[in-house]
Amino acid sequence: MSTVTSQRPIIKGVLRTINVGIQRYFLGYTRDEDRKKILRSFLKRKLYTCIRTSQYINSGGPIDIQDYCDRYNECKMVGVYETVKRWINDLLQGLRRPGWSPGHYPPTAPAPPIEAIGALGEGVAGYIMENHFNFRLLYRPVRSSPDAILLRQDPYEIGLMEVKTTVKFPWNISKIPRLTNNLTKIILDGAMTLIDFWAKIYHITGNIPYAAYSIGVAIKNIICENINQEVLLVEVGVMRLELQ
Amino acid sequence: MKWRIRGGWTELIRNGQLRDAVAILTKDYVTAVLANDRYLSSIIFEELYKALCESKKILPEKPGINVFKILELMRNMVVEEVFRRGEDVELIIEDFKLNSEFLLKKYADKEFRKILKEDLLRDAFDLDDEKYKEKRERVLRILEDLLEKDYCIPP
């Protein structure tokens, strides 16, 4: 019984949403490095200056995060949540060595399960898109961009979703390859990937309205609310890109 | 917009409800083509092919000669849907032809190369090119013979 409940955490956290309208000519700005810099600085400026809406995420009850991970991840990974939880426990509580304070990340620390962190992030992003934006999964491309193609009927829209995940707790996590604790950076990375992909498909997408969602998921912690229930604390940033 | 992409076939395929999934995929394919969305139409076309293969217990990666049966079935379903909507069939046929060629190239070309010993399949389906007429007729004749024998490459 305890095993089953531990695989079904409550998701809590903060969701920050920002709408950015981009001009059509920006689709061509991923062609070379100089233009990429211009586009990136434009998006960064928008990220800081546009109106951001914040709301709390609270799933209310335990959710089957593995199901979301299975649907939104490229291939099925067994025990995604368990793997990440085990790593967090090892990092913050267990396997301590002399000169290692909790939250610090020395070379002797357990290696981060990058794939599991990515898969958990995609699962959380899927949950957010289904429950906060009323999207449904239309298609999950395999071995190609974007991470998912989503569909919603009201308002009618196809959403291209790109998810980047990070973890927040060890203060020097940015020293680890492929991991960063900077949520802004990963949202911008996702946005750049999406715009690059969008430029490739723009001329063949016809009359159906498209929008691109760059989602940054920061996994903050996994805590025990009571003896049987765990809470997955996250911070999610969603940048919605719309062509003007 | 009169018709909308319905979606939901991913869950249906996951749950094994292939008949419902195929029905929705057919509708969505026609909607995507009529909306001139060739990106979605190519995705849905491939998913429709895979769903039909799964329902007929055929491996999508190794369909053998059954690929023509599947394509014919798809074509009939799609054309029926277009007629039901009262839309122009030409746009659909054009998109169908392009996607069929891609699908044959992706899934069946290698297999047929083994059977025919020559890379002739694309010539056979290059319907506009007179240059390959003879080759095409020969290849189509071989394929028809294979179809009569109900030939299928074992997985």
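For clarity, every value in this text was computed on a predicted model and none was experimentally measured. Numbered from 1 within each chain, the chains take letters A, B, ... in sequence-line order.
- Of the residues considered (B:Ile5, B:Thr10, B:Ile43), B:Ile5 shows the highest number of contacts with chain A, using heavy-atom pairs under 4.5 Å.
- No side-chain heavy atom of A:Asn207 sits less than 4.5 Å from a side-chain heavy atom of B:Asp37.
- Using a 4.5 Å cut-off between heavy atoms, B:Arg6 contacts chain A through its backbone alone, with no side-chain atom that close.
- Proximity to chain B (any heavy atom under 4.5 Å) is shown, for A:Leu137, by both the backbone and the side chain.
- The backbone N or O of A:Val163 sits nowhere less than 3.5 Å from a side-chain atom of A:Glu122 that would complete a donor-acceptor pair.
- Between the A:Glu162 side chain and the A:Gly216 main chain, no donor and acceptor come within less than 3.5 Å of each other.
- Each of A:Arg86, A:Glu230, A:Arg8 was compared with A:Tyr81 under the side-chain hydrogen bond (donor to acceptor under 3.5 Å, both in side chains) criterion, and only A:Glu230 meets it.
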